[in-house]
J.: 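Below are the structure tokens for one structure; questions will follow.
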Amino acid sequence: MSASKSILTRFSGTNATFWLGLLLVGTITLTGLLSLVWTPYDLSDMVAGRLEAPSWQHWAGSDRLGRDLFTQLMIGAQIALIVGCSAVAIGAAIGVTTGILAAFATRFLDDALAAFFDILIAFPTLLTAMLVVAASDEASLGTAILALGIGLSPIVGRITRLLTKQVLSQDYITAARVSGSSWPSIVFWHILPNILPFLGVNLALQFGLAVMAEASLSYLGLGAPPPNASWGRMLQEAQGTVYTAPWGAILPGLAIFALVIGVNLLTDGLRDRLDASRRQV
Amino acid sequence: ALLTASALTLTPAAGLAQDYTPDAVVNIGSLYEPQNLDNTGGAGQGINEAFNGNVYEGLFVLTDGGDVKPKLVESYEISDDGLSYSFTLKDGVTFHSGDPLTATDVKNSIERVTAETSSSSRKKSLSNIASIETPDDKTVVITLEKPSISLPYNLSYVWIVNDAATDISNSEDGTGPYQLQEWRRGSALALVPFDGYWGDKPTNGGVMFQYFTDATAQNNALLTGAVDIITSIQSPDALSLFVDNPDFTVSEGASTTKELLAYNDRIEPFNDAKVRSALSRAVNKEKLLQAIWGDYGTLIGSFVPPTDPWYVDLNDVNAYDPESAKALLAEAGYADGFSFTLDTPDYDPHPVVAQFLQNELAKINVDVKINIITANEWYTKIYKSHDFEATLQEHVNHRDIVFYGNPDFYWGYNNPEVTKLISGSESAKSIDEQTKMLTEANRIIAEDAASMWLYLYPQIVVSTSNVSGYPLNGLNSQFFAADIKKVD
Amino acid sequence: MTLLSVENVGFSYRSGKPVLEDISFTVPRGANVGLVGESGSGKSTLLRLLLGLDSPQKGRILFDGAPLEARSSGYMRSYRKRVQAVFQDPYSSLDPSHRILRIITEPLRALKIPGDHRQMATKAITAVGLAPDSLERYPHQFSGGQRQRIAIARAIVARPDLVLADEAVSALDLSTRIRVVDLFEEISEAMTMVFVSHDMGVVAALCDQIVVLDKGRIVEAGLTNDILRAPKHPYTQSLLASIPRMPAGS
Amino acid sequence: MLKYLIRRLVILLLSLFVASVVLFILLRLLPGDPANALLGVGATPEQIAAAQAQIGSDQPLGMQFLTYLGDLIHFDLGTSFVSRSSVLDEITRRLSVTLPLALSAFFLALLIAVPLGVFAAVKANRWYGLVLSIISQIGIAVPVFWLGILMVYAFALNLRWLPSGGFPLRGYADPGRAIESMVLPVLTIALIMSASLMRYVRATTLKVLGSDFLRTARALGESFPEAFIRHGLRNAAVPVVSVLGIELSTTFLGAVVVEQVFSLPGMGSMLLLGIQQRDYPNIQGVLIVSTLLVLLTGFLADILQRLLDPRLRQEAR
Amino acid sequence: MTQDLLSVQNLSLSTADKGLVKNLSFTIAPGERFGLIGESGSGKSLTSLAVSGLLPPSIKPSGRIILDGQEIVGAPGKQLDSLRGDAVATVFQEPLTALDPLMPLGKQIALPLRRRLRREGKPSGRAEVNRHMRDLIDQVRLPDPERLVRAYPHEVSGGQRQRVAIAMALACRPKLLIADEPTTALDVTTQDQIIKLLTSLVDELGIALMFISHDLAVVGQMVERVMVMRNGACVESGLAADVLTAPKDSYTQTLVDAAHRFDAALEGRS
Ligand SMILES: Nc1ncnc2c1ncn2[C@@H]1O[C@H](COP(=O)(O)OP(=O)(O)OP(=O)(O)O)[C@@H](O)[C@H]1O
Ligand SMILES: Nc1ncnc2c1ncn2[C@@H]1O[C@H](COP(=O)(O)OP(=O)(O)OP(=O)(O)O)[C@@H](O)[C@H]1O
Ligand SMILES: [Mg+2]
Ligand SMILES: [Mg+2]
Ligand code: NI
């Protein structure tokens, strides 16, 4: 079956989710990128009145200090993306390395590492993150990211280990060994490319988790300090003004929701395609 | 309860002879849960709110109006040199455990506060007590090293605790109108009237302090009738729900809570009064107050609130004037500005205030780095180690200008003139003399811009309209519950 | 001349009962030897030993007169140049993420064999009857039979002396199977081959000698024709009797 | 099975040991000396030294670790620096809120997710199957505290059906109010959790629906509902059980945040307060107990899975 | 000839975007043994699923299938449920996945057995079911029945599993037994036993058989008539003896040639 045809025929069905996901994630990504070069106002400029409702001047209204909320939402997109991407990158760097190591290790070490992943997973991501944040001298975006990354790593590790074991049992690995390839080159040329699609799907899910966890951290007051306009912090700051200025709490909530659901939909779509391409012939 | 249905039963119980229900329990919402039950054990302001005057009583009481009156003291005499006080205790006072009040209890209670292991914030004010003697069961004689005009005031927050009581952190044995019924950490603390109370019986059937970790949840509880009173509203946005609503009573009391930016006056560049003045002038405090409190709150230009006898309006000293701020800064040698780290407690309103300051000071090229810390870190890092450049804090206490007379205080303000005035005021012969000296001290610290005093919080109490008789000012975090009346 | 000789080999997987016991046979240079036996009899395990992927716990394997040292990487490099393999499952034996060119030239790269790799790959792929433009495509674009050809091309590209094939045609259709068997026949002219299968018919068509394994032991070994005509061991007899035959006819 | 049980128990204990080591190390990384926290404001150096001696933070790390382990074995979690009351007592009291909260949310989530997930799988290519999966997608993307805030707004402030937060002073001695105050938090967690659980149930059910053995049963004359109930459910349950352990730990996590929204005196608010106050014994105690609980659920899930699936039982031998 | 048990007319199967089986027609008389041959993916399994009305929902049939006098295509689910087990039962290729991994084998055999006894109005108490089950186990020549009924699928060998699957199908006493490559996953010796078993059982019980395989020799041994399929269409059909000895179609010819070559090799005549 030809690839282009399958895309067209699937467009209407399950792949609607893919496109919707792409639309959401794409919009947020573009907004985040745009915020690097342009925002309607300066983040800290107190240009509006106190808690103004959305208007033509201030699309999302203003906060207590009269700062433009739309600007904060844009910067928030940037921060959410940075947090998601870097936390996942850290989680992946640690998780993939240990996961592959475990898959290769002798039975004892493998068991030990596998159990270790399980134990670390027993500390839920957010608790790990809370601890790490508390353990660092100053709460900053960096510590929050590091914390989330460390929190995600055992999950990634466990999945990597399983995927690697699956790939290791394939004949092409034996074939590569018989062809004289060394273990490092097998890892690099055969294992990584083959676990990547599945791992990627999973990492995308972890991305959603990380964004959500950062929001929770910020909500609990353990996240990035001001002036970082993270969506979770915006929510926390707006919580006291839910009655007088509900948009301040609704919009960041919707933004988190849109990003997470966007990533999940995108992931689902990707997974469907991946399954389809693996099923070929 | 499927709603205590405050809104419905409100219509004043027509025809009823009594104007309150004697056994109604009053629910009080608070954000300040005590950490333990011992006010000398780092329990926080919450324990004063719940226990002071309710469970424990002092020899004197600081009334909600700000007067110091005898409580457990029947009468007292001061020696001519002002160094010796002889107190006669009231008769018929018993502790909740049934023990009668004796002079030894008083002696021990005072020594508990001044003890080395005590972490009472008032320890220092009592440090010039030379000795306490108990010639008989009803008499206590305190000898001072130096005269202290505010000894009765200072004794108003010394709880008289039964000396037979053992576990003060987790239980109580006081003489107050209420005794502790139960405390569930993280949730609530309940007091019930004490049958053997020596004074007037409370006008309610008990009080329950319900604790919240955030103001929104607290407001919700008041809205849904889960609590009857909120002792101090934390934002004007919440107020809009209650103002002009016949179901609720909003009252404004006299506040003593001051928001301030405290510099570490020991270090460069904050040891230079010019720099401090410049910063003060660069910040539009009116705008800040508007942002945080809308139409509430007041600007006082100094550390002394209008309830203190030594208050004067000092708003004109170092008033908002960015141009002169720049000039002053240049004069002090910082024409290009400088940068400092602002340690900011992590709870409202400090982070928002910090951002406002950051923005204002940026206009005179002063770069502020915001560092969010927890209340606990604030105590260890700033209050104890003095390891900071500048910080934000709210100071709730009544008559606390004395802190500027203590060069070892966390902000390290050291002006010998002020120190002398403040310590001298303690030995003043009369209230007038004391007031005069402290007014002078107040003026000097304002001119010196010892700290940047941002605004005075409003003191707003909101209750459902079926309760009355509660204190409005909440001086020193006290909240006397015995006179609260509730119609059920 | 003996190319490979297996002497009293015994093997068991970690903490398990022996999978192979006292296995001895020889593979003459240029010959095709078939290893038959039912599922679980230890055929694949034996092949892994021959490939140096595991080491026997008992006995030894001699290649070209010298013992196989699976633990010496220097020895293994030269051994790999001379011994290659084809596996059973055409779907899992090719890495789905690489182009055919990469897959076929992997032994050349890994063993640092000099020369124009693309040219050698083209030669190998035409030798197995596929068009040279196949090199640019991915495994999923080929059918099972074609994939098995690609696997064979990979095995022969480095011109080894010995090719080991594990159930290399079992997963294929009858019509495809016959074509791949033909291909094996063709390439085995130039080299020695050990062919593992449970399909007696295929082994009979391809091999000069047969080794019959049952439960980890050799029950019978010898020339194909001898064994087919007069199986001595009862196991071999039942094996032969079980094979379904076509109805007699033209 | 017995042998497996013993082996699994040993692993459980080992895991707990490792977890407590990790905790010990993490907690020693927190800045500041715990003695400072203990004394609060205005302590002299002598007092600090005395306090350090009292809590042992002046001892070498190895020694500290040994005492820590020794205490753990006796299930002595120490005394809170701030409240000066026994950590274990406090945790027990708080658990009486968190455990019912998490467990009832968990079971409610199961109650919602299993039928809906199965339904969504069986009707996967109908529009309502699609609608269900969309709803579960939405549920996954909603931050739990946000839903909590909305719940308060809707059910407590507008409809006035339920309290907006808090927990009765007398706890379960006041059953009506205790239950009332649990309803919204439980619903909040359960809704969020059931979303992800439902997705999982749907996926495993779909897998079972495509399985050969279900086809065999139907080929021999079983009707679809019959075959599904007899063969499908149990088979779908096996993989679901294996994630329940992790799901339950997520519930505990949800509880941390939700307790904050609803001002519930549970373990979550205890932990948060502990972190804010640097109250080491409290943080340590909460984390050890919650890790123990999570590991224990993992253990139970494993056992349950083994009871359901004879293949695993054999593997273990 | 009496009424056909199964009559398939112009059967086509297709997904939304692709035809999988085209215009297939064949009949099976009661008690007849019919073979379906073809390479992998030629549509053999789909055809057999269509006959028992178990096509996956994404595949739509057209044409007619009349089984035991009833139309299958487009029939409501209830009607098909009562037809399956009674008129037709199937043994599938992979014995491990075809059995419920979580249920003891005895119980799996008992389920269809009890259904049949109920259908036939016979007593279906536990004792009866057990007695019949013993008979069935004997019939398919399974050793050690005591252990077997309590064992789970993974605890017995592939051949034994396949026998259990056959026993389950026979428990239904269907008029038509479909065997979809029931021996492909097995060793030759086991395969041989199963084939012999199946042949003798259908003879004994007078059941019609639809046997599906890609192995010509196996099919040749078992059936009277065959149909050869390729790419979803029939290329040739007729008496097994004719088709396998003198194929008319060129594709059938290559298959037959190939099979003969291996046979010849076995005779030592290569
Ligand atoms: N990695 C392993 N660990 C433990 N035991 C194994 C392993 N691989 C194979 N075995 C066992 O070793 C025995 C021989 O297996 P082997 O794969 O060599 O048989 P085989 O003859 O190739 O069978 P088949 O025809 O099914 O491929 C079997 O009982 C098998 O279960
Ligand atoms: N559910 C399905 N959806 C779409 N296509 C399918 C489905 N099931 C089978 N097919 C396709 O239908 C064709 C015929 O499949 P079928 O299983 O009938 O082949 P077969 O002759 O039984 O092959 P084998 O010998 O491998 O069992 C194949 O191309 C297959 O890919
Ligand atoms: Mg094998
Ligand atoms: Mg098939
Ligand atoms: Ni987690």
Side-chain angles (χ1 to χ4, degrees), chain C residues 32 34 36-41 43 90-91 143-145 169-182 185 197-208 210 212 214 223-231 234-250, chain E residues 35 37-42 157-159 183-196 199 213-224 226 228 230 239-247 250-270:
Chain C
N32 287 352
V36 288
E38 299 211 325
S39 185
S41 56
K43 307 181 297 288
Y91 294 92
S143 72
V169 298
S170 309
L172 305 178
D173 273 7
L174 190 56
S175 47
T176 324
R177 196 183 302 177
I178 197 88
R179 270 176 266 143
V180 175
V181 167
D182 282 344
E185 213 161 13
S197 181
H198 61 257
D199 188 333
M200 271 297 226
V202 171
V203 172
L206 205 57
C207 302
D208 325 310
I210 294 186
V212 184
D214 180 31
L223 290 179
T224 308
N225 283 344
D226 295 349
I227 290 184
L228 289 180
R229 286 221 185 82
Y235 176 74
T236 323
Q237 287 162 5
S238 75
L239 200 62
L240 279 171
S242 304
I243 298 168
R245 305 294 172 95
M246 286 293 282
S250 61
Chain E
I37 305 178
E39 64 185 356
S40 183
S42 57
S157 77
T183 61
T184 313
L186 305 175
D187 286 327
V188 268
T189 38
T190 326
Q191 163 171 309
D192 192 46
Q193 292 162 9
I194 297 275
I195 287 171
K196 292 201 172 109
T199 331
S213 176
H214 59 252
D215 192 328
L216 298 196
V218 170
V219 176
Q221 281 180 5
M222 292 211 59
V223 304
E224 295 148 2
V226 292
V228 183
R230 190 181 194 198
L239 289 178
D242 295 347
V243 173
L244 296 186
T245 51
S250 64
Y251 172 68
T252 322
Q253 183 71 54
T254 51
L255 289 183
V256 171
D257 284 352
H260 275 300
R261 260 194 59 198
F262 292 130
D263 262 13
L266 283 171
E267 301 302 332
R269 283 187 273 122
S270 62

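Keep in mind that this is a model prediction, so the values were computed, not measured. Both backbone and side-chain heavy atoms feed into the values below; hydrogens, waters and symmetry mates do not. By convention in this document, chain letters (A, B, ...) are assigned in the order of the sequence lines, proteins followed by strands, and residues within each chain are numbered from 1.
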J.: Between E:Arg261 and C:Glu185, does at least one N-O distance fall below 4.0 Å, as a salt bridge requires?
T.: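 So E:Arg261 pairs with C:Glu185 through a salt bridge.
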J.: Testing the 3.5 Å rule here: is there a donor-acceptor pair between the side chains of E:Gln191 and E:Asp187?
T.: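 Note: E:Gln191 and E:Asp187 side chains miss the donor-acceptor criterion.
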J.: Excluding sequence neighbours, so at least two apart, what forms side-chain contact (heavy atoms from CB on, under 4.5 Å) with E:Val188?
T.: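 For E:Val188 the side-chain contact (heavy atoms from CB on, under 4.5 Å) partners, ignoring immediate neighbours, are C:Glu38, C:Leu239, C:Ser242.
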J.: Just give me the residue among C:Val181, C:Leu174, C:Ile243 that pairs up with chain E most often, heavy atom to heavy atom, under 4.5 Å.
T.: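 Heavy-atom pairs under 4.5 Å are most numerous for C:Leu174.
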J.: Under 4.5 Å heavy-atom distance to chain C, tell me which part of E:Gln221 shows up: side chain, backbone, both or neither.
T.: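 The side chain, not the backbone.
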J.: Counting only heavy atoms closer than 4.5 Å, note whether C:Asp226 contacts chain E via side chain, backbone, both or neither.
T.: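 Contact with chain E involves no heavy atom of C:Asp226 at all.
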J.: Taking only residues two or more places apart in sequence or in another chain, which ones pass side-chain contact (heavy atoms from CB on, under 4.5 Å) with E:Gln193?
T.: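 E:Arg163, E:Thr190.
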J.: Below 4.5 Å from any heavy atom of chain E, which atoms of C:Thr224 appear? Answer side chain, backbone, both or neither.
T.: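 Neither the backbone nor the side chain of C:Thr224 comes within 4.5 Å of chain E.
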J.: I'd like to verify something: which residue of E:Val218, E:Leu255, E:Val219 has the highest number of heavy-atom pairs under 4.5 Å with chain C?
T.: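 Option with the greatest count: E:Leu255.
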J.: Need one label for C:Val203: side chain, backbone, both or neither, based on atoms under 4.5 Å from any heavy atom in chain E.
T.: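 When you check distances to chain E, no heavy atom of C:Val203 falls under 4.5 Å.
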J.: Using modelled atom types only, decide if a donor and an acceptor are shared between the side chain of E:Asp263 and the backbone of C:Arg245 within a distance under 3.5 Å.
T.: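 Side chain of E:Asp263 to backbone of C:Arg245, a donor-acceptor pair under 3.5 Å: no, none is there.
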